[in-house]
Every structure is written in structure tokens, then in C-alpha cells.
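Structure record follows, encoded as C-alpha cells.
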Amino acid sequence: MKEINVEKTASRGIAIAPVYIYEEADLTPADYPVEKERIGEELEKFEQVKRDVIAELEQLSEANPIFAAHVAIAGDYTMVEAITSRIQSGEKNVEQAIAEAVEEVAELFRQMDDEYMRERSADVLDIGKRFLTKCKNIAVQDLSAINEPVIVVARDLFPSDTVKMNPEYVKGIITKEGGVTSHVSIMAKNYGIPALTGVAGILDAVKPESMICMDARSGRILVDPEEEILAEYKKRQQEEEAEQERIKKYRSMEPVTADGKRISLCINVGSTDEIKHALDKNIDGVGLFRTEFLYMENSHFPTEEEQFAVYKEAAVLCPKEVTIRTLDIGGDKTLPYYEFEKEENPFLGWRAIRISLDMPEMFREQLRAILRASAYGHIRIMFPMLISLEELRKAKEMVEKCKDELRKEQIPFDEEIEVGMMMETPASVILADEFAKEADFFSIGTNDLTQYILAVDRGNKKIASRYDSFHPAVMKAIETIIQAGHKYDRKVGMCGELAGDVNAVSRLLEMGLDEFSMSAGNVDYVRSAIIG
Ligand code: PEP
Ligand code: MG
């Protein structure tokens with residue numbers, strides 16, 4: 001048995017299951033020369049690979065229409081010709097020919113005028129990966145295909161990986177990289193999956209047939225435990241379940257403090273699926289809808305119609321309140337179909353509202369979709385990462401422009417829609433008073449606020465012990481924000497991870513926080529702490 005201890009917990013709970021090691025395949029093309037008489041074999045190999053990949057894609061496209069374009073591109077003359085001509089020249093083996101040709105064809109797509117066609121370059125790259133994995137005979141690991149209980153162990157998991165996982169079967173997550181507020185941790189918490197991140201020795205400790213017990217409350221991982229220890233953990237798991245049952249009893253109660261203040265208790269989500277999952281928790285709404293997952297799961301920038309359908313579904317599912325945050329991409333979140341320039345400091349870089357304001361057409365489509373959905377429930381708009389009043393004004397202007405368009409088109413929307421902002425940058429704290437005059441509400445994003453106030457990267461495990469949302473400077477910032485908001489009668493919420501931490505509840509209540517929004521898995525605990 002091997003034991004690993006971790007200082008901080010990403011998402012609490014106990015899991016016992018066999019390991020599923022998620023490895024990123026090395027697709028560097030092999031570098032062997034091809035003699036003239038073997039060119040035919042290489043061509044044949046490509047033919048076989050192409051047939052297999054197309055068959056695989058056809059199967060995928062039955063379940064998901066996104067793959068229809070992949071099928072067409074994989075068999076397309078330009079692509080096939082670009083590969084076979086390179087093999088025929090005798091200068092490239094099949095793997096080198098695929099890698100080169102795919103890059104060339106992807107570039108062709110990137111140069112096209114039509115936006116839809118430009119976005120197909122991501123499909124081309126995906127097909128290239130499929131060709132190469134088949135050539136190298138590597139079994140592709142498909143996280144969406146997991147259909148029995150496992151604990152996923154990986155170097156790191158990107159949001160685009162986590163969105164594919166079925167929480168019914170993924171019982172736990174352990175990653176070598178990442179901090180407790182990295183997005184894999186947030187996703188895990190949203191689904192109530194126990195998770196530990198930044199676990200340095202995990203990949204060396206497990207073998208494909210290993211069994212894992214993880215206690216993501218105390219931060220302990222046991223690999224291949226003996227029978228008695230396994231039994232002990234199963235017992236603890238039962239106790240944990242019993243505790244959850246006990247806490248559940250609070251569900252029907254209103255979150256009212258000892259001095260009679262009714263607190264709003266909301267959830268953070270990245271999809272409508274997560275709302276459905278949490279509807280039985282007696283929540284007051286969605287305090288944060290992270291729309292970036294909608295962009296990341298797609299093969300192209302989601303259109304106004306596609307977004308409208310999702311936001312409308314959210315509004316209908318949760319009529320009390322749905323706070324939709326406009327796109328917060330950049331930082332650790334990228335898009336499979338859009339090439340971001342490499343940045344030295346992505347968390348200080350082209351991110352969130354900066355991108356939206358720089359890409360007005362994309363921003364407009366999102367705002368129109370949100371506004372249109374506001375006719376079906378109680379939707380609020382929220383902007384991320386603001387540092388200046390100018391940004392807030394520009395973003396609000398864009399909302400007004402979209403409203404005008406919709407009025408002209410006689411498309412209904414909520415004329416009174418509230419437009420608020422995340423408070424997650426030091427500049428927003430310092431200017432909190434000014435912002436309070438112009439924003440309809442505040443929501444404190446402690447994940448970023450902590451990293452920016454303390455200058456501690458939220459995903460860097462080496463300095464994870466310095467990442468502390470209870471630091472007096474962060475606490476003071478929170479208090480400043482709440483006071484500024486209240487001075488102008490604004491409701492102040494919090495949607496950073498601190499809002500779901502039971503140890504923070506009494507301090508936040510004392511400061512006057514009005515709304516707590518958190519991963520669904522924490523709602524019962526926080527409600528019981530508020531009621532006391
Ligand atoms: C935050 O920064 O606290 C927040 C809620 O936003 P995100 O974690 O998506 O950056
Ligand atoms: Mg943030």
C-alpha cells in the first residue's frame with residue numbers, strides 16, 4: 001500500500017474505486033525513412049487508418065451532429081491528396097505526411113473568409129490527432145466513454161476534459177497539477193465529486209490495475225490498501241453519507257440568520273445539467289452561470305440561437321434568479337477552435353471582459369441571447385474581471401445597443417434586467433464606491449480576488465499554502481466591497497469558493513453579505529451554518 005497526504009482539499013468526500021489513468025498521448029510523428037519499395041505499404045497503411053477513422057466518426061456523428069463535418073473533412077480530396085502526395089514523394093513516412101498535411105490544411109481553413117469555415121480548422125486538427133493515434137496504434141482515451149465507477153488520475157485535467165466526464169461513474173479525481181480553485185476543482189465540487197489536486201507523486205504511485213481509497217476531507221490517498229484498511233474506509237464512507245443525510249434535514253428550512261436576516265442561497269453552474277442536478281436543494285437561484293463551458297464544449301463559437309436555447313432553458317428551470325456571467329475565457333481556459341496568442345502571464349492577460357470588448361460581434365451575440373432568454377424568467381447579466389468604470393460603461397452600452405435592436409425587431413426581453421459585476425480585481429475594490437453607483441449588483445469572486453490581492457497564482461501548487469482567502473487583506477477587501485454596495489443599496493453576493501466554505505459563514509454574515517453562491521455540493525452545509 002502507498003499513502004500520499006495532501007495539504008488542501010479541492011472537493012470534499014470519500015471515494016473508493018479502481019483507478020483510471022488518463023494519459024495525454026505523445027503524437028510526435030515517428031522519424032523512420034521509407035525506401036522506395038515500401039512506399040506502397042505506407043500508402044496502404046494510410047488507407048486503412050482513414051477507413052477506420054471515418055467509420056469511428058460516422059458512429060460518433062449518429063449521437064452528436066457536431067461530428068458530421070469531421071466525417072466530410074476526413075475523406076475530403078484536399079486532405080487525402082495532401083497526405084498521399086507526401087508519401088508518394090518518398091520523403092515522408094505516413095506519420096510525418098499526416099502531421100505536415102494536417103497543419104497545411106488547417107491553415108487553409110484558418111485563412112478562409114467565412115467564419116464558419118475558419119472554425120473548421122479545429123476539426124481538421126482533431127482529425128489529424130485521430131489519424132496519428134490510429135497510425136501509432138494508441139487507444140484513444142475517451143473520458144465520456146467511462147461507464148463504470150473509477151477514480152480518474154491525470155497529470156492535469158482541462159475544463160474541456162472535465163465537461164466530458166459522467167459524474168455518475170467518475171467517483172473521484174486526483175491530479176498532479178492544479179490548485180484548489182482551479183477549474184477542475186470547481187467542476188468536481190459542482191457535481192459533488194471528491195477531488196484532490198496538486199498531488200505531486202500520484203502518477204508514480206498508481207498502476208493501471210490499482211485500487212484507490214481517497215479521503216478528500218483529510219487529504220489522504222491510499223493506493224492498493226490492505227483489506228482491513230479498505231473496510232475501515234468503507235465504514236467512513238458510510239458515516240460521511242450518514243452525515244450528509246443529517247445535514248439534508250435543513251433543506252426545507254429558510255436560510256435565516258439568528259438575527260432574522262433572510263440570506264439568499266444560490267448555486268454556481270457551468271451548464272443547465274448542473275441546474276437540474278441541484279433543483280432538489282431548495283435554492284434561491286443561480287448566482288453564477290459560467291458561460292465559458294458552453295464555448296469550450298463546442299467546435300465553434302456558439303451562435304446566438306445556440307446560446308439562447310441554453311439560457312432560456314436555465315431561466316425556465318430556475319425561475320427565481322439566474323445570473324449569467326458573460327464569457328470569461330483566457331487565464332487557464334482556452335477554446336479548441338480559437339488560437340490564443342501565447343502569453344507570459346495569462347491570468348494577467350487577455351481574459352474575460354477584455355476579450356468581449358475586443359470582439360464586439362461575439363459579445364453582441366452573447367448579450368442578445370441573454371436578453372432574449374430574459375423574457376422567460378428572472379435573468380441577470382454579470383460582467384467578469386472589470387478594472388475600470390470605462391469598461392463597465394462600454395459593456396452596458398453594448399447591452400443598451402442590443403436592447404434597441406431587439407425592440408426594433410419586436411423580440412421580447414426583460415426591460416428591467418439587472419446588470420451587475422464580479423468584484424474580483426484589486427482595482428474594483430479600490431473603486432468599489434464608484435462602481436456601486438453604476439452597477440446594479442456586486443458578486444465577489446474570491447478565487448481571483450485572492451490571487452490578485454495576494455499576488456499568488458490560484459493554480460500554482462508550489463505556493464498553494466500562501467493562497468489564503470482568509471488573509472486579512474482579502475477579508476478587508478470583502479468588507480470594503482460589501483460596505484460600498486450597501487451604501488448605494490446594492491445587493492452584494494459572493495460566488496467565489498469562499499462562499500461555500502462553512503468556516504467563513506459567520507465572518508461573511510457579520511460583514512453583511514446578502515447572497516452566498518456556491519457549488520451545489522456545499523449548499524446543505526452552508527445552509528445549516530447560516531441557520532446555526
Ligand atoms: C472567482 O474568481 O471567484 C470566480 C467565481 O470566477 P472564476 O472562478 O470563474 O474565475
Ligand atoms: Mg474569476
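Residue numbers start at 1 and run along the sequence shown. Counting starts at 1 for both ligands and their atoms, in listed order.
When each of Val256, Val505, Leu508 is paired with Ile530, the side chain to side chain contact (heavy atoms under 4.5 Å, CB included) condition holds for Val505 and for no other.
Among Ile444, Leu288, Asp448, the residue whose heavy atom lies nearest to atom 10 (O) of ligand 1 is Asp448. The nearest non-hydrogen atom to atom 8 (O) of ligand 1, considering only Arg458, Arg325, Gln451, comes from Arg458. Taking each of Lys333, Glu292, Arg290 in turn, the one with a heavy atom nearest to atom 5 (C) of ligand 1 proves to be Arg290.
Considering backbone and side-chain N/O atoms, Gly445 comes within less than 3.5 Å of an N/O atom of ligand 1.
For the pair Arg507 and Phe470, the NZ or CZ position fails the cation-pi test of under 6.0 Å to the six-membered ring centre and within 45 degrees of the ring normal.
Contact atoms of ligand 1 toward Cys495: 5 (C) (distance under 4.0 Å to a heavy atom of the residue). Interface of Glu424 with ligand 1, defined as ligand atoms under 4.0 Å from a residue heavy atom, comprises 1 (C), 2 (O), 6 (O). Per-residue contacts place Arg351 under 4.0 angstrom from the following atoms of ligand 1 (heavy atoms of the residue considered): 10 (O). Of all the atoms in ligand 1, the ones that sit under 4.0 Å from a non-hydrogen atom of Gly496 are 3 (O), 5 (C).
Closest to the Mg ion (ligand 2) among the N, O or S atoms of Glu424 is OE1. Looking at Asp448, its N, O or S atom nearest to the Mg ion (ligand 2) turns out to be OD2.
Under the 3.5 Å distance criterion, with hydrogens and angles disregarded, a donor-acceptor pair is assigned to the side chains of Gln366 and Tyr311.
Evaluation of the salt bridge (Lys or Arg N to Asp or Glu O under 4.0 Å) rule for Glu274 yields no partner, not counting sequence neighbours. In this structure, Tyr452 has no ring pair (Phe, Tyr, Trp, His ring centres under 6.0 Å) partners at least two apart in sequence or on a different chain.
Here the side chain of Asp448 pairs no donor or acceptor atom with the backbone of Met385 at under 3.5 angstrom.
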Inset, instruction - Before giving the answer on side-chain hydrogen bond (donor to acceptor under 3.5 Å, both in side chains), spell out for Gln307 and Tyr295 the whole-Å C-alpha distance, their side-chain angles and the decisive distance to 0.1 Å. - result: CA-CA 9 Å; Gln307 294 189 62; Tyr295 286 70; 3.2 Å; yes
